Amino acid sequence: MTKAYYHLPGLFEFYELYRVFLPIFREHREYFYEWCEIGSVYGAPADCLWGGGRAGFGENDPREVLDLMREYGISARLTFSNSLLKEKHLSDRKCNTLCALFEERNGTQNGVIVHSDLLLEYLKKTYPHLYFVSSTTKVLTDFGQLTSEIRREDFCYVVPDFRLNKALDRWETLSQTEKDKVEFLCNECCWFGCKDRKACYEAVSRKNLGENGKEHHCAAPDAGQGYRFSNAMQNPGFIGIDAIQNVYLPMGFSNFKIEGRSLGSALILEFLLYYMTKPRYQLHVREEVYLDNMLDLF
């Protein structure tokens, strides 16, 4: 059976949720779709210079986080997709310490999601046992440019801009080796017509670097509502479970990214229920999670 591998948000940000959810996933595998697995969990602690995409807010001990992923054989990915890094930032002690820890060869290989080629070259030389993912923050909306990115040997995975998700005729032209590297972003809520996506990511990058700069104000028609999964489902780039099973898996694609590092754990649980849990067992999983007194979902 062809498997879908989900790459889930909140390695540090939602550690407490995964501490409760992963035992359920292991011990009650019958609750979950047979055709899906967890490919990785990604994120970054608070105050990481190399961070990007979204500002990390996780405070859990990195060793504790890594031990949880190892216990369940799940790849851990550091989200270091800052697009504005300079040479002086490469010596940052916190980020280097994290890379050294995550590079330890003990079971499943861990990776780093990157935007900056400067950082990529540094990491390749300094931490050669990590693998690398090309970040969607590059906003590669031209399919030719994206194909070139996929063909770069540096990357094990490439996350396209969500607006290319439905370009099925062009996705069909890739070889199977190339398809294996594509990681579709499924549940993006960003306005499909947004022309400021790079500027938005750069604003986050500046904040992570502690630099002042022009504040980015989202111009999307419903920007004031914040993230709503119901709205994401109406996005033209949305990939739901029916499409995963009946379109993308038969085409030869198997990697799917779920966004949500800046959201609350209650909403992340809804993603886990929708994308991974059989409908008749969703209440079981929800109750198991809610009844854990150590977890604050809101």
Side-chain angles (χ1 to χ4, degrees), residues 5-29 32 37-82 92-114 119 123 126-133 135 157 208 257-273 275-276 285-286 288-298:
Y5 293 91
Y6 287 123
H7 303 275
L8 303 175
L11 178 64
F12 295 87
E13 298 89 340
F14 303 118
Y15 166 82
E16 295 296 338
L17 173 61
Y18 289 119
R19 185 188 57 78
V20 176
F21 176 78
L22 291 176
I24 303 171
F25 186 66
R26 173 186 281 175
E27 295 164 17
H28 294 283
R29 195 61 179 83
F32 303 93
E37 297 287 352
I38 300 174
S40 73
V41 182
Y42 66 92
D47 303 320
C48 278
L49 246 60
W50 298 353
R54 297 290 182 267
F57 57 85
E59 300 288 354
N60 288 90
D61 177 73
R63 171 61 71 180
E64 198 173 45
V65 169
L66 188 55
D67 285 345
L68 179 67
M69 294 298 111
R70 282 178 174 162
E71 181 180 350
Y72 291 92
I74 297 171
S75 179
R77 294 181 179 176
L78 295 165
T79 303
F80 285 162
S81 53
N82 196 305
D92 181 76
R93 179 177 295 179
K94 181 173 185 175
C95 294
N96 276 282
T97 300
L98 283 166
C99 286
L101 174 64
F102 277 60
E103 191 195 31
E104 290 178 3
R105 304 182 77 177
N106 184 2
T108 306
Q109 186 183 20
N110 300 315
V112 182
I113 303 170
V114 294
L119 179 61
L123 294 175
T126 314
Y127 306 104
H129 300 303
L130 294 168
Y131 68 85
F132 304 105
V133 181
S135 173
Y157 302 94
N208 285 338
K257 180 173 183 174
I258 309 302
E259 79 158 19
R261 286 197 299 137
S262 60
L263 306 176
S265 53
L267 193 46
I268 303 304
L269 176 59
E270 292 304 313
F271 299 156
L272 298 174
L273 294 171
Y275 279 105
M276 300 179 66
V285 175
R286 197 179 271 113
E288 291 264 7
V289 172
Y290 284 174
L291 290 174
D292 188 291
N293 295 325
M294 298 297 292
L295 181 60
D296 180 8
L297 275 173
F298 302 96

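Here the structure is a predicted model, which means the values were calculated and not measured. These numbers come from the heavy atoms of this one structure, side chains and all, not from hydrogens, waters or symmetry mates.
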| task | Show your reasoning for whether side-chain contact (heavy atoms from CB on, under 4.5 Å) applies to Cys99 and Thr126. | result | CA-CA 9 Å; Cys99 286; Thr126 314; over 6 Å; no
| task | Go through the steps to decide whether Arg19 and Glu71 satisfy the test salt bridge (charged side-chain N to carboxylate O under 4.0 Å, His left out), and finish with yes or no. | result | CA-CA 11 Å; Arg19 185 188 57 78; Glu71 181 180 350; over 6 Å; no
| query | Which is it for Asn96 and Tyr127 under the side-chain contact (heavy atoms from CB on, under 4.5 Å) test, yes or no, and what are the steps along the way? | reply | CA-CA 9 Å; Asn96 276 282; Tyr127 306 104; 2.7 Å; yes
| request: Could you check Met69 against Thr108 for side-chain contact (heavy atoms from CB on, under 4.5 Å), going step by step and ending with a plain yes or no? | output: CA-CA 9 Å; Met69 294 298 111; Thr108 306; over 6 Å; no
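Side-chain contact check for Arg70 versus Glu104: some heavy-atom pair is nearer than 4.5 Å. Looking only at side-chain heavy atoms (C-beta outward), Asn82 and Leu49 stay at 4.5 Å or farther from each other. Using a 4.5 Å cut-off on side-chain heavy atoms (C-beta onward), Leu272 and Val285 make no contact. Leu98 places a side-chain heavy atom less than 4.5 Å from the side chain of Cys48. You'll find the side chain of Ser40 stays beyond 4.5 Å of the side chain of Tyr5, heavy atoms only. With a 4.5 Å cut-off on side-chain heavy atoms, Ile38 and Phe32 do not count as touching.
The shortest non-hydrogen separation linking Ala44 to Phe80 is CB-CE2, 4.5 Å. Phe102 and Ala76 get closest at one heavy-atom pair: CE2-CB, 3.5 Å.
Between atom CE of residue Met276 and atom OH of residue Tyr6 there is a gap of 7.5 Å, rounded to the nearest 0.5 Å. Taken from CH2 in Trp50 to NZ in Lys94, the straight-line distance is 12.5 Å, to the nearest 0.5 Å. In this structure, CZ on Arg286 lies 6.5 Å from CG on Leu269, to the nearest 0.5 angstrom. The distance from atom CZ of Phe271 to atom CG of Leu8, rounded to the nearest 0.5 Å, is 10.5 Å. To the nearest 0.5 angstrom, Thr79 atom OG1 is 7.0 Å from Glu13 atom CD. If you take CZ on Phe14 and CG on Leu267, they are separated by 8.5 Å, rounding to the nearest 0.5 Å.
Checked by atom type and distance alone, the side chain of Tyr72 never pairs as donor or acceptor with a backbone atom of Leu22 at under 3.5 Å. The closest donor-acceptor contact from the side chain of Glu103 to the backbone of His129 lies under 3.5 Å.
Applying the side-chain hydrogen bond (donor to acceptor under 3.5 Å, both in side chains) rule to Ser135 yields the partners Thr137; only residues at least two apart in sequence or on another chain are considered. The side-chain contact (heavy atoms from CB on, under 4.5 Å) test applied to Gln109 returns Tyr131, not counting sequence neighbours.
Between Asn110 and the choices Leu78, Ile74, Leu66, Leu101, the side chain to side chain contact (heavy atoms under 4.5 Å, CB included) rule is met once, by Leu66.
In this structure, Lys257 satisfies the cation-pi test against Tyr42, with its NZ or CZ atom closer than 6.0 Å to the six-membered ring centre and inside 45 degrees of the ring normal.
The local environment of CZ in Arg93 is sparse, with at most 12 non-hydrogen atoms from other residues, nucleotides or ligands closer than 6.0 Å.
Ring orientation note: the planes of Phe25 and Phe21 are close to parallel, at an angle under 30° on the 30°/60° scale.
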